[in-house]
Undergrad: 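Could you have a look at this structure, given as structure tokens, before my questions?
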Protein chains: 2
Amino acid sequence: MITIKDVARVAGVSPSTVSRVVRGDGKVGKKCRAEVQKILDEMGYRPNSNARALVSRKSELVGIVTPDLYRPFFGSIAHGAEKAARTYKFQVMMRNSQNDALIELDAINSFREHGCENIIVSSKFGDEETFIQLAKEIPGLIFINRYIKALANRCVWLDNIAGSRISAEYLYEQGHRDIAVVSFDTGNKDQADRIEGAKQFFKEKGVSIAPANIIFSTEKTPGKGQALFCKDAIHHLLNNGEKVTAIIAYNDEIALGLINALLDCGKRVPEDISVMGFDDLNVAENCRPQLTTIRYPIVEMAEYATKLSLQHTARNPTEIKDTHLFMPTLVKRDSVLKISR
Amino acid sequence: MITIKDVARVAGVSPSTVSRVVRGDGKVGKKCRAEVQKILDEMGYRPNSNARALVSRKSELVGIVTPDLYRPFFGSIAHGAEKAARTYKFQVMMRNSQNDALIELDAINSFREHGCENIIVSSKFGDEETFIQLAKEIPGLIFINRYIKALANRCVWLDNIAGSRISAEYLYEQGHRDIAVVSFDTGNKDQADRIEGAKQFFKEKGVSIAPANIIFSTEKTPGKGQALFCKDAIHHLLNNGEKVTAIIAYNDEIALGLINALLDCGKRVPEDISVMGFDDLNVAENCRPQLTTIRYPIVEMAEYATKLSLQHTARNPTEIKDTHLFMPTLVKRDSVLKISR
DNA sequence: CTGTTAGCGCGTTCAG
DNA sequence: CTGAACGCGCTAACAG
């Protein structure tokens with residue numbers, strides 16, 4: 001490894017001068033700077049981040065915590081965060097939490113051990129109190145996909161209720177009055193919200209969703225069991241005696257599962273039953289029927305969250321908005337049919 | 001931040017003793033150790049990774065470079081690497097290369113600046129010479145999804161030719177003799193190999209693939225244009241006058257695109273035309289028809305690559321195999337039809 | 001078994 | 001504008 005000292009020796013200047021040149025610090029003679037820079041380049045000098053972080057007490061690192069990375073939704077968070085970090089020359093550290101609050105905490109602490117104070121967390125199950133405490137200690141801690149009231153200016157989130165309402169409104173416009181909803185009850189606000197908005201909307205229109213058509217499983221992580229879950233949901237919906245012309249799924253993955261289960265039962269989508277997704281993953285566009293869904297601008301949100309974190313830890317922070325709410329939008333494709341009434 | 005010195009003061013011992021306790025170094029009195037440990041816990045001491053890395057000249061870091069992260073295939077690499085790293089208490093840094101050799105190099109160098117010497121690279125386009133040179137400097141540099149002969153013991157790769165042969169063999173068994181192949185010609189060996197195996201196999205059986213049925217586009221990154229590419233490919237195949245009963249796609253994403261394009265042209269899959277994928281992404285199981293495909297054990301490979309890298313940099317390395325080849329396997333689902341002849 | 005000493009590579013004073 | 005001196009938090013010799 002070639003150090004600042006080595007360069008100084010060759011250049012015939014002091015280490016501090018080299019340091020100044022490396023950092024682009026102003027107080028170096030023009031000629032001297034050019035000369036040192038030349039030697040720097042020739043010798044292929046690369047700063048030692050660890051030494052830097054140690055002495056300057058700041059590491060150019062962004063840490064991200066997501067439940068996993070193989071699901072495209074979370075991969076997109078990592079992707080967006082990396083993209084934003086790179087424009088600031090920050091490096092990205094990442095860790096999977098597997099939806100485990102303890103691992104999540106451990107991840108955050110590990111990042112801090114590395115001097116990383118820009119941390120983006122996608123957590124659904126972590127304890128609010130803990131996060132509030134943590135946020136005090138870590139100015140650059142940002143939550144994505146979660147809204148914690150006491151931490152409003154640290155949360156980059158999506159209005160799930162609005163999304164659900166958009167979904168409901170579109171179905172209503174397309175003539176649907178017999179709706180079903182398929183989601184999970186995991187104590188997670190997202191999932192409740194995505195049902196709530198639809199309920200609200202239809203209620204306002206004087207249409208009620210039959211309780212038997214609301215499937216709100218307590219299954220925590222569908223993952224592998226997802227196909228089975230969808231199958232059960234469809235069997236239940238087809239056999240409970242209530243009419244269904246359209247289903248609002250918690251997300252695109254569930255929507256796909258439901259569509260497959262419907263096909264397996266001899267139902268056509270959307271001719272017999274329409275299905276709405278949520279997220280607008282790539283797959284929504286690559287499957288047949290192409291999914292009508294609600295776009296979740298997750299890459300943009302991750303980029304935003306990263307920049308926001310950097311703002312929060314900047315030496316001269318510019319003014320920071322106190323709310324960071326993103327709005328979902330409707331993406332019309334082929335999984336919803338207009339029905340005449 | 002609470003340091004080893006703070007703890008030492010409170011415990012009434014020297015910093016080195018605390019350091020020994022922290023690191024689990026043997027030479028500390030039993031009682032003394034217990035006492036220091038207690039204070040360590042009480043004070044919530046957390047080691048400073050930067051200081052550690054600086055003095056010990058090793059950082060417990062694994063760096064991974066992939067083209068992107070939003071595609072599940074690469075997300076899976078990150079996922080597997082993180083999983084393996086975590087079991088060794090290593091932290092993961094990651095960087096997207098966007099298939100750009102320069103960014104790739106910069107990523108590797110950035111990792112090194114952080115003292116990270118365990119680096120996993122998924123590169124298709126990077127220059128071999130450069131990598132050979134780099135590998136000399138970085139003992140923990142491992143390539144995944146690529147085979148470089150001079151760096152055999154650093155490459156964790158999949159036998160694409162074998163995969164392609166398996167694909168071909170299965171189609172042959174199912175009675176298919178009129179095959180098409182859809183891939184890219186980007187100078188990338190993977191893509192050529194996945195055609196080569198099929199060609200080989202059919203040639204051995206005395207069946208030749210019509211040249212017009214081999215689509216080998218020079219499109220570099222299909223990405224957004226993928227749907228269009230697939231559409232063009234299908235139009236070409238349906239109109240070139242050669243019979244086609246089955247198509248071997250470069251990967252699952254392309255397979256999906258082809259299926260969609262076929263459906264749009266009024267062809268049924270697999271009743272009219274069968275389609276084989278490659279990779280076995282989650283989506284292969286969640287689409288209809290479910291994809292018959294070749295499983296690429298990418299998560300396992302990423303875990304393996306990470307452990308391999310750790311082996312290569314271990315103080316007391318155990319014996320290391322000099323080849324790390326993974327074999328693809330057939331996953332039978334519904335996109336291939338048995339035809340009678 | 002424990003404490004003392006001496007850096008790791010760098011940024012940041014403070015003199016000159 | 002430049003250099004010398006100091007210390008970030010920690011580990012690794014070396015004494016005792």
Side-chain angles (χ1 to χ4, degrees), chain A residues 1-37 39-40 43-61 89 91 109-117 315, chain B residues 1-37 39-40 43-61 89 91 109-117 315:
Chain A
M1 158 167 262
I2 144 126
T3 76
I4 238 173
K5 242 176 167 171
D6 300 328
V7 177
R9 201 175 310 118
V10 174
V13 296
S14 78
S16 356
T17 299
V18 178
S19 173
R20 288 185 184 104
V21 173
V22 169
R23 285 172 300 123
D25 190 320
K27 300 132 191 167
V28 182
K30 209 174 164 186
K31 196 178 132 201
C32 173
R33 148 157 297 150
E35 205 156 320
V36 172
Q37 185 61 59
I39 297 177
L40 239 15
M43 300 182 67
Y45 169 80
R46 286 248 157 197
N48 178 319
S49 305
N50 292 122
R52 268 192 175 172
L54 184 59
V55 59
S56 68
R57 303 165 155 291
K58 63 178 67 120
S59 76
E60 310 207 306
L61 245 33
K89 311 257 182 232
Q91 203 60 237
N109 282 323
S110 301
F111 291 161
R112 295 171 80 187
E113 292 178 12
H114 286 269
C116 168
E117 49 176 8
R315 29 272 138 211
Chain B
M1 156 168 266
I2 144 128
T3 76
I4 239 174
K5 242 175 167 172
D6 300 329
V7 178
R9 201 176 309 117
V10 174
V13 295
S14 80
S16 359
T17 299
V18 178
S19 173
R20 288 186 184 105
V21 174
V22 169
R23 286 173 296 126
D25 188 321
K27 300 132 190 170
V28 182
K30 210 173 162 187
K31 196 178 134 200
C32 174
R33 151 157 295 151
E35 205 156 319
V36 171
Q37 185 60 59
I39 296 176
L40 238 17
M43 299 181 69
Y45 169 79
R46 286 250 157 196
N48 179 320
S49 307
N50 292 121
R52 269 194 176 170
L54 184 58
V55 58
S56 68
R57 303 163 156 292
K58 64 178 68 117
S59 76
E60 309 208 306
L61 244 33
K89 312 258 182 231
Q91 204 60 237
N109 282 324
S110 301
F111 291 161
R112 296 171 80 188
E113 292 179 13
H114 286 270
C116 169
E117 50 175 9
R315 28 272 138 211

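Every chain is numbered from 1 and lettered A, B, ... according to where its sequence line falls, protein lines coming before strand lines.
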Undergrad: Taking 4.0 Å as the cut-off, does a side-chain nitrogen or oxygen of A:R46 come that near to OP1 or OP2 on C:dG9?
TA: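 Looking at the OP1 and OP2 atoms of C:dG9, neither is under 4.0 Å from any side-chain N or O of A:R46.
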
Undergrad: To the nearest 0.5 Å, tell me how far A:I39 CD1 sits from A:D6 CG.
TA: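 So the gap between those two atoms works out to 12.0 Å.
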
Undergrad: Taking 4.0 Å as the cut-off, does a side-chain nitrogen or oxygen of A:R52 come that near to OP1 or OP2 on C:dG11?
TA: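 Checking C:dG11 against A:R52, a side-chain N or O does come within under 4.0 Å of OP1 or OP2.
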
Undergrad: Expressed as a whole number of angstroms, how long is the span from A:H114:NE2 to D:dG9:C1'?
TA: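 So the two atoms are 14 Å apart, to the nearest Å.
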
Undergrad: From CE of B:M43 over to C1' of D:dG9, roughly how many Å is that when rounded to an integer?
TA: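 Rounded to whole Å, this separation is 14 Å.
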
Undergrad: For the NE2 atom of B:H114 and the NE2 atom of A:H114, what is their distance to the nearest 0.5 Å?
TA: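 Rounded to the nearest 0.5 Å, the NE2-NE2 separation comes out at 10.5 Å.
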
Undergrad: Whole angstroms only, please: what is the CG-P distance between A:N50 and C:dG9?
TA: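 Taking atom P of C:dG9 as the reference, CG of A:N50 is at 11 Å.
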
Undergrad: Among D:dC10, C:dG9, D:dG3, which nucleotide sits nearest the side chain of B:I4?
TA: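 The closest nucleotide is D:dC10.
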
Undergrad: In terms of side-chain heavy atoms of B:R20, which of C:dG3, D:dG3, D:dG9 is nearest?
TA: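 Looking only at heavy atoms from C-beta outward on B:R20, the closest nucleotide is C:dG3.
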
Undergrad: Considering all heavy atoms of both residues, which atom of B:G24 and which atom of B:R33 are nearest to each other, and what is their separation?
TA: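 Looks like C-NH2, 3.9 Å.
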
Undergrad: Report the nucleotide, chosen from C:dG3, C:dC8, C:dG11, that has the shortest atom-to-atom distance to any side-chain atom of A:S56.
TA: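 For the A:S56 side chain, the nearest candidate turns out to be C:dG11.
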
Undergrad: Return no unless some side-chain N or O of B:T17 is found under 4.0 Å from OP1 or OP2 of C:dG3.
TA: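 The answer is yes; a side-chain N or O of B:T17 sits under 4.0 Å from OP1 or OP2.
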
Undergrad: Rounded to the nearest angstrom, tell me the gap between atom CD in A:E113 and atom C1' in D:dC10.
TA: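 Result: 13 Å.
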
Undergrad: Quickly, which of B:P47, B:S19, B:S16 forms a side chain to side chain contact (heavy atoms under 4.5 Å, CB included) with B:I4? Name it, please.
TA: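 When B:P47, B:S19, B:S16 are each tested with B:I4, the side chain to side chain contact (heavy atoms under 4.5 Å, CB included) holds only for B:S19.
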
Undergrad: Find the distance A:L54:CG to C:dT12:P and express it as a whole number of Å.
TA: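 It works out to 13 Å between those atoms.
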
Undergrad: Tell me: CG of A:D6 to P of C:dC8, nearest whole Å?
TA: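 Answer to the nearest Å: 11 Å.
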
Undergrad: Is A:P15 touching bases, backbone alone, or none of the nucleic acid, heavy atoms closer than 4.0 Å?
TA: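 It contacts nothing in the nucleic acid.
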
Undergrad: For a quick test of reading the model: is some side-chain N or O of A:T3 closer than 4.0 Å to OP1 or OP2 of C:dG9?
TA: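 It does not, given that no N or O in the side chain of A:T3 lies less than 4.0 Å from OP1 or OP2 of C:dG9.
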
Undergrad: Check every strand shown and say whether A:R57 touches a base, only sugar-phosphate, or nothing at a heavy-atom separation below 4.0 Å.
TA: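 Sugar-phosphate only.
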
Undergrad: Of the non-hydrogen atoms in B:R46 and A:S110, which two are nearest, and what is the gap between them?
TA: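 Of all heavy-atom pairs spanning B:R46 and A:S110, the closest is NH1-N, 4.1 Å.
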
Undergrad: Look at the side-chain N and O atoms of B:S14 and state whether any lies under 4.0 Å from the OP1 or OP2 oxygen of C:dT2.
TA: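 Answer no for this pair, as no side-chain N or O of B:S14 is under 4.0 Å from OP1 or OP2.
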
Undergrad: Looking at CE of A:M43 and OG1 of A:T3, how far apart are the two atoms once the value is rounded to the nearest 0.5 Å?
TA: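 With rounding to 0.5 Å, CE (A:M43) is 8.0 Å from OG1 (A:T3).
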
Undergrad: Tell me: CD of B:E35 to C1' of C:dC1, nearest whole Å?
TA: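 About 15 Å, once rounded to whole Å.
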
Undergrad: Please report the distance, rounded to the nearest Å, between CG in B:N48 and P in C:dC8.
TA: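 For the pair B:N48 CG and C:dC8 P, the rounded distance is 18 Å.
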
Undergrad: Nearest to the side chain of B:M1, which nucleotide is it out of C:dG11, D:dG3, D:dG9?
TA: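 So the nucleotide nearest the side chain must be D:dG9.
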
Undergrad: At 4.0 Å (heavy atoms only), tell me whether B:V13 reaches a base, stays on the sugar-phosphate, or touches nothing.
TA: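 Sugar-phosphate only.
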
Undergrad: If you check the A:S16 side chain, which of D:dA12, C:dG9, D:dG3 turns out closest?
TA: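 Nearest to the side chain of A:S16 among the choices is D:dG3.
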
Undergrad: Just to confirm, is there a sub-4.0 Å distance from OP1 or OP2 of C:dC1 to any side-chain nitrogen or oxygen of B:R33?
TA: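 No, outside the criterion.
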
Undergrad: Taking the minimum atom-to-atom distance to the side chain of B:Y45, which one of D:dA12, C:dG11, D:dC10 wins?
TA: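 Nucleotide nearest to B:Y45's side chain: D:dC10.
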
